[in-house]
Asks: 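Just dropping this structure here.
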Amino acid sequence: MAAGNTVLNSRLAQFTSTIFAEMSALAQATGSVNLGQGFPDTDGPAEIAESAIEAIRSGHNQYPPGIGIESLRSAIASHQFHYYNTQLDPATQVLVTTGATEAIAAAIISLCEYGDEVVLFEPYYDSYAASVAIAGAKRRVVRLEAPNWHFDSASLEAAISPSTRAIVLNSPHNPTGKVFSQDELNSIAEVAIRNDLIVISDEVYEHLTFERSHISIGTLPGMGERTLTISSAAKSFSYTGWKIGWVTGPEILVAAVRASKQFLTYVSGAPFQVAIAHALDNCERLIPQVLEPLRLQREQLRDALSSVNLEPFPSYGTYFLVTDVSEIASTDTYQFCVNLAHEAGVVAVPTSVFYSEPNTAPKHVRWTYCKRPEVIQLAADRLRKYFN
Ligand code: PMP
Ligand code: GLN
(Lines give C-alpha, C1' and ligand atoms only; values in the text may rest on other atoms or scores of the structure.)
(Ligands and ions follow the chains in the order given, each with its own letter.)
Protein backbone atom coordinates (compact mmCIF):
# COMPACT_ATOMS: atom_id res chain seq x y z
CA MET A 1 0.00 0.00 0.00
CA ALA A 2 1.49 3.32 -1.01
CA ALA A 3 1.91 5.70 1.88
CA GLY A 4 0.77 9.25 2.60
CA ASN A 5 0.05 11.63 -0.22
CA THR A 6 0.65 9.03 -2.88
CA VAL A 7 -2.77 7.50 -2.22
CA LEU A 8 -4.56 10.83 -2.05
CA ASN A 9 -6.03 12.20 -5.24
CA SER A 10 -4.05 15.10 -6.61
CA ARG A 11 -6.87 17.60 -6.12
CA LEU A 12 -6.69 17.12 -2.34
CA ALA A 13 -2.91 16.89 -2.00
CA GLN A 14 -2.79 20.51 -0.93
CA PHE A 15 -5.36 20.01 1.83
CA THR A 16 -3.99 17.33 4.12
CA SER A 17 -4.38 19.28 7.37
CA THR A 18 -6.36 22.25 8.60
CA ILE A 19 -4.44 25.10 10.12
CA PHE A 20 -6.93 25.34 13.00
CA ALA A 21 -6.42 21.78 14.18
CA GLU A 22 -2.69 22.18 13.65
CA MET A 23 -2.51 25.34 15.72
CA SER A 24 -4.69 23.91 18.51
CA ALA A 25 -2.36 20.91 18.67
CA LEU A 26 0.62 23.29 18.82
CA ALA A 27 -1.03 25.21 21.67
CA GLN A 28 -1.53 21.98 23.57
CA ALA A 29 2.01 20.74 22.92
CA THR A 30 3.61 24.03 24.00
CA GLY A 31 1.23 24.92 26.84
CA SER A 32 0.33 28.07 24.94
CA VAL A 33 -2.73 30.25 25.28
CA ASN A 34 -4.81 29.34 22.23
CA LEU A 35 -5.87 32.49 20.39
CA GLY A 36 -5.73 30.48 17.16
CA GLN A 37 -8.75 28.28 16.50
CA GLY A 38 -12.02 30.18 16.72
CA PHE A 39 -14.10 28.33 19.28
CA PRO A 40 -15.43 29.83 22.51
CA ASP A 41 -14.00 28.45 25.74
CA THR A 42 -17.36 28.79 27.48
CA ASP A 43 -20.61 27.16 26.43
CA GLY A 44 -23.51 29.17 25.13
CA PRO A 45 -26.72 29.82 27.12
CA ALA A 46 -27.40 26.88 29.46
CA GLU A 47 -31.05 26.51 28.50
CA ILE A 48 -29.98 25.45 25.00
CA ALA A 49 -27.91 22.61 26.46
CA GLU A 50 -30.82 21.71 28.76
CA SER A 51 -33.05 21.51 25.72
CA ALA A 52 -30.63 19.05 24.03
CA ILE A 53 -30.45 16.92 27.19
CA GLU A 54 -34.22 16.88 27.41
CA ALA A 55 -34.41 15.94 23.72
CA ILE A 56 -32.12 12.96 24.31
CA ARG A 57 -34.11 11.89 27.38
CA SER A 58 -37.39 12.16 25.54
CA GLY A 59 -36.27 9.98 22.66
CA HIS A 60 -35.06 12.23 19.81
CA ASN A 61 -32.30 9.75 19.12
CA GLN A 62 -33.01 8.08 15.77
CA TYR A 63 -32.56 9.38 12.24
CA PRO A 64 -34.48 12.62 11.84
CA PRO A 65 -35.85 13.65 8.42
CA GLY A 66 -33.09 14.29 5.89
CA ILE A 67 -34.07 17.91 5.40
CA GLY A 68 -34.16 18.54 9.16
CA ILE A 69 -36.91 18.33 11.77
CA GLU A 70 -39.98 20.42 11.08
CA SER A 71 -39.66 22.62 14.18
CA LEU A 72 -36.09 23.60 13.28
CA ARG A 73 -36.91 24.32 9.62
CA SER A 74 -39.81 26.51 10.76
CA ALA A 75 -37.59 28.28 13.28
CA ILE A 76 -34.98 28.96 10.58
CA ALA A 77 -37.67 30.32 8.23
CA SER A 78 -39.00 32.57 11.02
CA HIS A 79 -35.46 33.76 11.77
CA GLN A 80 -34.91 34.70 8.12
CA PHE A 81 -38.22 36.55 8.07
CA HIS A 82 -37.57 38.34 11.35
CA TYR A 83 -34.07 39.58 10.48
CA TYR A 84 -34.16 39.85 6.68
CA ASN A 85 -37.84 40.00 5.76
CA THR A 86 -37.33 36.96 3.56
CA GLN A 87 -40.34 34.68 3.24
CA LEU A 88 -39.39 30.98 2.93
CA ASP A 89 -41.37 27.77 2.69
CA PRO A 90 -39.87 25.59 5.44
CA ALA A 91 -40.81 22.46 3.47
CA THR A 92 -38.78 23.28 0.36
CA GLN A 93 -36.55 26.30 0.96
CA VAL A 94 -34.73 25.30 4.14
CA LEU A 95 -32.24 22.47 4.57
CA VAL A 96 -30.56 21.56 7.86
CA THR A 97 -26.91 20.55 7.47
CA THR A 98 -24.06 19.26 9.59
CA GLY A 99 -22.67 22.68 10.28
CA ALA A 100 -22.14 25.43 7.74
CA THR A 101 -19.13 23.43 6.57
CA GLU A 102 -21.33 20.73 5.07
CA ALA A 103 -23.70 23.30 3.57
CA ILE A 104 -20.79 24.99 1.78
CA ALA A 105 -19.28 21.72 0.56
CA ALA A 106 -22.63 20.28 -0.53
CA ALA A 107 -23.53 23.50 -2.36
CA ILE A 108 -20.27 23.57 -4.30
CA ILE A 109 -20.34 19.81 -5.05
CA SER A 110 -23.95 19.96 -6.21
CA LEU A 111 -23.66 23.07 -8.34
CA CYS A 112 -20.32 22.64 -10.09
CA GLU A 113 -19.46 20.55 -13.08
CA TYR A 114 -15.88 19.34 -13.32
CA GLY A 115 -13.80 22.32 -14.51
CA ASP A 116 -16.31 25.00 -13.51
CA GLU A 117 -14.85 28.01 -11.75
CA VAL A 118 -15.77 29.41 -8.36
CA VAL A 119 -14.78 32.91 -7.29
CA LEU A 120 -13.49 33.36 -3.73
CA PHE A 121 -12.50 36.55 -1.94
CA GLU A 122 -9.08 36.04 -0.36
CA PRO A 123 -8.15 35.72 2.41
CA TYR A 124 -10.84 33.00 2.50
CA TYR A 125 -12.05 30.48 5.05
CA ASP A 126 -10.07 27.31 4.42
CA SER A 127 -12.93 24.95 3.62
CA TYR A 128 -13.95 26.90 0.50
CA ALA A 129 -10.81 26.05 -1.46
CA ALA A 130 -10.93 22.43 -0.29
CA SER A 131 -14.61 22.11 -1.26
CA VAL A 132 -13.87 23.55 -4.69
CA ALA A 133 -11.09 20.97 -5.08
CA ILE A 134 -13.32 18.09 -3.93
CA ALA A 135 -15.86 19.15 -6.56
CA GLY A 136 -13.20 19.12 -9.27
CA ALA A 137 -13.83 22.81 -9.84
CA LYS A 138 -11.24 25.60 -10.02
CA ARG A 139 -10.90 28.55 -7.71
CA ARG A 140 -10.43 32.09 -8.93
CA VAL A 141 -9.57 34.69 -6.34
CA VAL A 142 -10.28 38.34 -5.74
CA ARG A 143 -8.06 39.92 -3.14
CA LEU A 144 -9.31 42.02 -0.25
CA GLU A 145 -6.70 44.65 0.55
CA ALA A 146 -5.82 45.88 4.04
CA PRO A 147 -6.49 48.04 5.94
CA ASN A 148 -10.16 48.20 4.95
CA TRP A 149 -10.24 44.97 2.97
CA HIS A 150 -11.68 46.66 -0.10
CA PHE A 151 -11.71 44.79 -3.38
CA ASP A 152 -11.22 46.28 -6.75
CA SER A 153 -14.32 45.89 -8.99
CA ALA A 154 -12.00 45.38 -11.95
CA SER A 155 -10.39 42.39 -10.24
CA LEU A 156 -13.80 40.87 -9.55
CA GLU A 157 -14.67 41.41 -13.20
CA ALA A 158 -11.35 39.85 -14.23
CA ALA A 159 -12.03 36.75 -12.12
CA ILE A 160 -15.20 35.97 -14.06
CA SER A 161 -15.00 33.75 -17.15
CA PRO A 162 -17.48 31.75 -19.22
CA SER A 163 -16.73 28.82 -16.85
CA THR A 164 -17.67 30.72 -13.69
CA ARG A 165 -20.51 29.05 -11.84
CA ALA A 166 -20.60 30.72 -8.44
CA ILE A 167 -19.21 33.40 -6.16
CA VAL A 168 -18.64 32.49 -2.52
CA LEU A 169 -19.18 35.47 -0.26
CA ASN A 170 -18.48 35.55 3.47
CA SER A 171 -19.75 38.54 5.42
CA PRO A 172 -19.05 39.15 8.26
CA HIS A 173 -15.71 37.90 7.05
CA ASN A 174 -13.29 35.40 8.58
CA PRO A 175 -10.42 36.18 9.10
CA THR A 176 -10.59 39.97 8.68
CA GLY A 177 -13.75 40.95 10.57
CA LYS A 178 -14.86 42.91 7.51
CA VAL A 179 -18.60 43.52 7.17
CA PHE A 180 -19.27 44.10 3.47
CA SER A 181 -20.98 47.45 2.84
CA GLN A 182 -24.19 48.02 0.90
CA ASP A 183 -22.20 49.44 -2.03
CA GLU A 184 -19.84 46.47 -2.12
CA LEU A 185 -22.73 44.01 -2.00
CA ASN A 186 -24.51 45.94 -4.75
CA SER A 187 -21.47 45.64 -6.96
CA ILE A 188 -21.14 41.89 -6.31
CA ALA A 189 -24.87 41.47 -6.99
CA GLU A 190 -24.56 43.40 -10.24
CA VAL A 191 -21.76 41.10 -11.45
CA ALA A 192 -23.67 37.97 -10.36
CA ILE A 193 -26.84 39.03 -12.17
CA ARG A 194 -25.09 40.17 -15.34
CA ASN A 195 -23.16 36.89 -15.58
CA ASP A 196 -26.00 34.70 -14.35
CA LEU A 197 -24.01 33.36 -11.38
CA ILE A 198 -25.08 31.78 -8.12
CA VAL A 199 -23.91 33.40 -4.89
CA ILE A 200 -23.13 31.10 -1.97
CA SER A 201 -23.32 33.44 1.00
CA ASP A 202 -21.67 32.22 4.20
CA GLU A 203 -23.25 34.27 7.00
CA VAL A 204 -22.20 32.24 10.05
CA TYR A 205 -21.17 35.44 11.85
CA GLU A 206 -24.42 37.25 10.94
CA HIS A 207 -25.16 38.12 14.56
CA LEU A 208 -21.59 38.75 15.72
CA THR A 209 -21.19 42.30 14.49
CA PHE A 210 -20.11 45.45 16.23
CA GLU A 211 -20.75 49.03 15.10
CA ARG A 212 -21.99 47.87 11.68
CA SER A 213 -24.99 45.84 10.60
CA HIS A 214 -24.86 42.77 8.50
CA ILE A 215 -26.68 42.88 5.16
CA SER A 216 -27.70 39.55 3.67
CA ILE A 217 -26.93 39.66 -0.07
CA GLY A 218 -29.93 37.46 -0.91
CA THR A 219 -32.20 40.37 0.06
CA LEU A 220 -30.90 42.63 -2.73
CA PRO A 221 -33.04 43.07 -5.86
CA GLY A 222 -32.62 40.16 -8.27
CA MET A 223 -30.55 38.16 -5.79
CA GLY A 224 -33.16 36.03 -4.01
CA GLU A 225 -33.45 33.72 -7.00
CA ARG A 226 -29.69 33.11 -7.24
CA THR A 227 -28.47 33.09 -3.63
CA LEU A 228 -27.91 30.23 -1.23
CA THR A 229 -27.71 31.69 2.27
CA ILE A 230 -25.81 29.63 4.80
CA SER A 231 -25.54 29.95 8.56
CA SER A 232 -25.05 27.85 11.65
CA ALA A 233 -25.76 27.63 15.34
CA ALA A 234 -22.05 27.44 16.09
CA LYS A 235 -21.33 31.15 16.36
CA SER A 236 -24.71 32.69 17.15
CA PHE A 237 -25.23 30.45 20.16
CA SER A 238 -21.65 29.34 21.03
CA TYR A 239 -22.20 25.66 20.38
CA THR A 240 -19.52 25.02 17.78
CA GLY A 241 -19.26 21.30 18.56
CA TRP A 242 -22.88 20.54 17.77
CA LYS A 243 -22.52 21.07 14.04
CA ILE A 244 -26.02 22.26 13.25
CA GLY A 245 -26.07 24.49 10.19
CA TRP A 246 -28.55 25.37 7.49
CA VAL A 247 -28.97 26.64 3.99
CA THR A 248 -31.91 28.60 2.64
CA GLY A 249 -32.82 29.89 -0.80
CA PRO A 250 -34.93 29.15 -3.85
CA GLU A 251 -36.41 25.67 -3.95
CA ILE A 252 -34.43 24.56 -7.00
CA LEU A 253 -31.07 25.50 -5.44
CA VAL A 254 -31.90 24.05 -2.01
CA ALA A 255 -33.00 20.80 -3.67
CA ALA A 256 -29.66 20.69 -5.48
CA VAL A 257 -27.73 21.06 -2.20
CA ARG A 258 -29.90 18.36 -0.67
CA ALA A 259 -28.90 15.92 -3.41
CA SER A 260 -25.32 15.81 -2.11
CA LYS A 261 -26.12 16.40 1.57
CA GLN A 262 -28.15 13.21 1.69
CA PHE A 263 -25.14 11.16 0.61
CA LEU A 264 -22.53 13.03 2.63
CA THR A 265 -24.09 12.79 6.10
CA TYR A 266 -27.66 11.72 5.25
CA VAL A 267 -29.07 13.59 8.27
CA SER A 268 -27.78 15.84 11.06
CA GLY A 269 -27.81 15.24 14.88
CA ALA A 270 -31.42 14.86 16.03
CA PRO A 271 -31.34 16.12 19.64
CA PHE A 272 -29.23 19.13 18.71
CA GLN A 273 -31.81 20.08 16.10
CA VAL A 274 -34.49 20.18 18.81
CA ALA A 275 -32.27 22.39 20.97
CA ILE A 276 -31.38 24.78 18.16
CA ALA A 277 -35.05 25.12 17.24
CA HIS A 278 -35.54 26.30 20.82
CA ALA A 279 -32.53 28.64 20.52
CA LEU A 280 -33.81 30.20 17.30
CA ASP A 281 -37.32 30.58 18.71
CA ASN A 282 -35.71 32.64 21.49
CA CYS A 283 -32.89 34.24 19.52
CA GLU A 284 -33.74 37.86 20.38
CA ARG A 285 -33.19 37.04 24.05
CA LEU A 286 -30.32 34.53 23.70
CA ILE A 287 -27.99 36.09 21.10
CA PRO A 288 -27.16 39.15 23.27
CA GLN A 289 -25.98 36.69 25.94
CA VAL A 290 -23.34 35.56 23.46
CA LEU A 291 -22.60 38.94 21.88
CA GLU A 292 -22.16 41.17 24.92
CA PRO A 293 -19.24 39.31 26.55
CA LEU A 294 -17.60 39.09 23.11
CA ARG A 295 -17.79 42.86 22.73
CA LEU A 296 -15.70 43.33 25.88
CA GLN A 297 -13.26 40.55 25.01
CA ARG A 298 -12.71 42.17 21.64
CA GLU A 299 -11.78 45.47 23.29
CA GLN A 300 -9.55 43.65 25.73
CA LEU A 301 -7.66 41.85 22.96
CA ARG A 302 -7.41 45.01 20.85
CA ASP A 303 -5.87 46.87 23.81
CA ALA A 304 -3.49 43.99 24.49
CA LEU A 305 -2.27 43.84 20.89
CA SER A 306 -1.97 47.62 20.66
CA SER A 307 0.13 47.66 23.82
CA VAL A 308 2.78 45.59 22.02
CA ASN A 309 2.59 47.75 18.88
CA LEU A 310 0.42 45.27 17.00
CA GLU A 311 -2.49 47.62 16.36
CA PRO A 312 -5.22 45.50 14.70
CA PHE A 313 -6.83 46.49 11.41
CA PRO A 314 -10.37 47.85 11.64
CA SER A 315 -12.77 44.97 12.27
CA TYR A 316 -16.52 44.99 12.71
CA GLY A 317 -17.47 41.44 13.47
CA THR A 318 -16.66 37.72 13.85
CA TYR A 319 -14.29 36.34 16.51
CA PHE A 320 -11.11 37.79 15.04
CA LEU A 321 -8.62 40.63 14.84
CA VAL A 322 -5.82 40.76 12.27
CA THR A 323 -2.49 42.47 12.77
CA ASP A 324 0.40 43.25 10.45
CA VAL A 325 3.58 41.61 11.74
CA SER A 326 5.85 42.56 8.84
CA GLU A 327 7.91 44.87 11.08
CA ILE A 328 8.68 42.17 13.62
CA ALA A 329 8.58 38.89 11.69
CA SER A 330 11.88 37.87 10.20
CA THR A 331 10.37 34.63 8.89
CA ASP A 332 7.15 33.86 7.03
CA THR A 333 4.05 34.18 9.18
CA TYR A 334 3.56 30.43 9.57
CA GLN A 335 7.01 30.13 11.14
CA PHE A 336 6.39 33.33 13.08
CA CYS A 337 3.34 31.71 14.70
CA VAL A 338 5.20 28.49 15.45
CA ASN A 339 8.01 30.49 17.06
CA LEU A 340 5.54 32.61 19.00
CA ALA A 341 4.01 29.46 20.50
CA HIS A 342 7.37 28.11 21.58
CA GLU A 343 8.90 31.39 22.73
CA ALA A 344 5.97 33.49 23.98
CA GLY A 345 3.41 30.81 24.84
CA VAL A 346 0.65 32.27 22.66
CA VAL A 347 -0.86 30.73 19.55
CA ALA A 348 -2.29 32.75 16.65
CA VAL A 349 -3.05 31.85 13.03
CA PRO A 350 -0.98 32.98 10.03
CA THR A 351 -3.46 34.32 7.48
CA SER A 352 -1.17 33.25 4.61
CA VAL A 353 -3.00 29.92 4.70
CA PHE A 354 -6.16 31.72 3.59
CA TYR A 355 -4.51 32.86 0.34
CA SER A 356 -4.37 30.94 -2.90
CA GLU A 357 -0.65 31.60 -3.15
CA PRO A 358 0.60 31.82 0.44
CA ASN A 359 4.01 33.12 -0.72
CA THR A 360 2.39 36.26 -2.03
CA ALA A 361 0.26 36.86 1.07
CA PRO A 362 0.79 39.90 3.25
CA LYS A 363 2.46 39.27 6.62
CA HIS A 364 -0.68 39.15 8.72
CA VAL A 365 -1.66 37.15 11.78
CA ARG A 366 -5.17 36.43 13.10
CA TRP A 367 -6.00 36.43 16.82
CA THR A 368 -9.29 35.28 18.29
CA TYR A 369 -11.07 36.96 21.19
CA CYS A 370 -13.74 34.30 21.79
CA LYS A 371 -11.91 33.31 24.97
CA ARG A 372 -12.56 34.13 28.62
CA PRO A 373 -11.20 37.49 29.88
CA GLU A 374 -8.68 35.75 32.16
CA VAL A 375 -7.37 33.77 29.18
CA ILE A 376 -6.97 36.93 27.08
CA GLN A 377 -5.30 38.56 30.08
CA LEU A 378 -2.80 35.71 30.32
CA ALA A 379 -2.06 36.00 26.59
CA ALA A 380 -1.64 39.77 27.01
CA ASP A 381 0.82 39.31 29.89
CA ARG A 382 2.85 36.81 27.88
CA LEU A 383 2.91 39.01 24.77
CA ARG A 384 4.03 42.05 26.76
CA LYS A 385 6.77 40.08 28.44
CA TYR A 386 7.91 38.71 25.09
CA PHE A 387 7.77 41.84 22.98
CA ASN A 388 8.68 44.57 25.47
N1 PMP B 1 -17.66 29.58 7.66
C2 PMP B 1 -16.85 30.36 8.36
C3 PMP B 1 -16.49 31.70 7.81
C4 PMP B 1 -16.32 29.94 9.58
O5 PMP B 1 -15.50 30.72 10.27
C6 PMP B 1 -16.68 28.67 10.05
C7 PMP B 1 -16.01 28.15 11.29
N8 PMP B 1 -16.61 28.09 12.31
C9 PMP B 1 -17.56 27.89 9.31
C10 PMP B 1 -18.02 28.37 8.11
C11 PMP B 1 -17.97 26.52 9.74
O12 PMP B 1 -19.11 26.53 10.53
P13 PMP B 1 -19.67 25.20 11.19
O14 PMP B 1 -18.89 24.95 12.42
O15 PMP B 1 -21.11 25.49 11.44
O16 PMP B 1 -19.49 24.10 10.20
N1 GLN C 1 -14.04 28.69 12.11
C2 GLN C 1 -13.02 28.51 13.08
C3 GLN C 1 -11.84 29.39 12.77
O4 GLN C 1 -11.82 30.05 11.78
C5 GLN C 1 -12.52 27.11 13.22
C6 GLN C 1 -13.34 26.02 12.68
C7 GLN C 1 -12.50 24.86 12.31
O8 GLN C 1 -11.58 24.50 13.02
N9 GLN C 1 -12.76 24.30 11.19
O10 GLN C 1 -10.90 29.40 13.52
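Ligands are counted one by one from 1 in listed order, and the atoms in each one are counted from 1 as well.
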Asks: Using a 3.5 Å cut-off on N or O atoms only, is Ile104 in polar contact with ligand 1?
Replies: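 Among all N and O atoms of Ile104, none is under 3.5 Å from an N or O of ligand 1.
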
Asks: Are any of the N or O atoms of Thr101 closer than 3.5 Å to those of ligand 1?
Replies: yes

Asks: Could you tell me whether Glu211 and Arg298 have a side-chain N and a carboxylate O separated by less than 4.0 Å?
Replies: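 The answer is yes: the pair qualifies as a salt bridge.
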
Asks: For ligand 2, is any non-hydrogen atom under 4.0 Å from Arg366's backbone (N, CA, C, O), its side chain (CB onward), both, or neither?
Replies: side chain

Asks: Any carboxylate oxygen within less than 4.0 angstrom of a Lys/Arg side-chain nitrogen, looking at Lys138 and Glu117?
Replies: no

Asks: If you measure every N or O of Gln37 against every N or O of ligand 2, does any of those distances drop under 3.5 Å?
Replies: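 N/O-N/O distance under 3.5 Å: yes.
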
Asks: Taking all non-hydrogen atoms of both residues, which atom of Val204 and which atom of Ser236 are closest, and how far apart?
Replies: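 Shortest heavy-atom separation between Val204 and Ser236 comes out as O-OG, 4.3 Å.
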
Asks: Any donor-acceptor pair under 3.5 Å linking the side-chain atoms of Ser356 with those of Arg139?
Replies: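 Their side chains do contain a donor-acceptor pair, which is all the 3.5 Å distance test asks for.
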
Asks: How does Asn174 reach ligand 2, if at all, at less than 4.0 Å between non-hydrogen atoms: by side chain, backbone, both, or neither?
Replies: side chain

Asks: With atoms numbered from 1 as shown, which atoms in ligand 2 lie under 4.0 angstrom from a non-hydrogen atom of Lys235?
Replies: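 It comes down to these atoms of ligand 2: 1 (N).
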
Asks: Mark up the atoms of ligand 1 that fall under 4.0 Å of a heavy atom belonging to Lys243, in ascending order.
Replies: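 Going through ligand 1 atom by atom, the ones under 4.0 Å from Lys243 are 13 (P), 14 (O), 16 (O).
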
Asks: Are Lys178 and Phe180 in a cation-pi contact, defined as NZ or CZ under 6.0 Å from the six-membered ring centre and within 45° of the axis?
Replies: yes

Asks: Closer than 4.0 Å to some heavy atom of Val204 - which atoms of ligand 1 meet that?
Replies: 1 (N), 2 (C), 3 (C), 4 (C), 10 (C)

Asks: Is there a side-chain contact between Glu22 and Tyr334, using heavy atoms and a 4.5 Å cut-off?
Replies: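 Yes - at least one pair of side-chain heavy atoms lies under 4.5 Å apart.
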
Asks: For atom 12 (O) of ligand 1, what is the closest protein heavy atom, and at what distance to 0.1 Å?
Replies: Ala100 CB, 3.6 Å

Asks: May I ask you to check whether Tyr205 has an N/O atom sitting below 3.5 Å from an N/O atom of ligand 1?
Replies: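 Between Tyr205 and ligand 1, an N or O pair is found under 3.5 Å apart.
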
Asks: Test your reading of the structure: does Thr240 have an N or O sitting under 3.5 Å from an N or O of ligand 1?
Replies: no

Asks: State, without any angle test, whether Thr101 and Ser127 hold a side-chain donor-acceptor pair at a distance under 3.5 Å.
Replies: no

Asks: State if Lys235 counts as touching ligand 1 under the rule of any non-hydrogen atom under 4.0 Å.
Replies: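 Under 4.0 Å: yes for Lys235.
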
Asks: Have a look at Gly38, Ser24, Ser232 and point out the one with the heavy atom closest to atom 2 (C) of ligand 2.
Replies: Gly38

Asks: Among protein heavy atoms, which sits nearest to atom 15 (O) of ligand 1, and what does the distance come to when rounded to 0.1 Å?
Replies: Ser232 OG, 2.7 Å

Asks: Nearest protein heavy-atom contact for atom 9 (C) of ligand 1: which residue, which atom, what distance?
Replies: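 Result for atom 9 (C) of ligand 1: Tyr125 CE2, 3.5 Å.
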
Asks: For residues Ile167 and Tyr128: do they belong to one hydrophobic cluster (side chain heavy atoms under 4.5 Å, members Ile, Leu, Val, Met, Phe, Trp, Tyr)?
Replies: no

Asks: So, is the end of the Lys371 side chain (NZ or CZ) under 6.0 Å from the ring centre of Tyr319 and within 45° of the ring's axis?
Replies: no

Asks: Please list, in number order, the atoms of ligand 1 under 4.0 Å from a heavy atom of Asn174.
Replies: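 Every atom of ligand 1 under 4.0 Å from some heavy atom of Asn174: 3 (C), 4 (C), 5 (O).
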
Asks: Taking 4.0 angstrom as the limit and counting only heavy atoms of Asn170, give me the atoms of ligand 1 inside it, by number and element.
Replies: 3 (C)

Asks: Counting only heavy atoms not in Glu374, do more than 12 fall under 6.0 Å of its CD?
Replies: yes

Asks: With no hydrogens and no angle check, just 3.5 Å: does a side-chain donor-acceptor pair link Tyr83 and Glu284?
Replies: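 Looking only at side-chain atoms, Glu284 and Tyr83 do form a donor-acceptor pair, the distance falling under 3.5 Å.
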
Asks: Any side-chain donor paired with an acceptor under 3.5 Å for Ser181 and Asp183?
Replies: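 No donor-acceptor contact under 3.5 Å links the two side chains.
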
Asks: Which residue and non-hydrogen atom of the protein lie closest to atom 1 (N) of ligand 1, and at what distance in Å?
Replies: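 Looking at atom 1 (N) of ligand 1, the protein heavy atom closest to it is Asp202 OD2, 2.5 Å.
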
Asks: For atom 6 (C) of ligand 2, which candidate among Tyr125, Phe354, Phe39, Phe320 holds the nearest heavy atom?
Replies: Tyr125

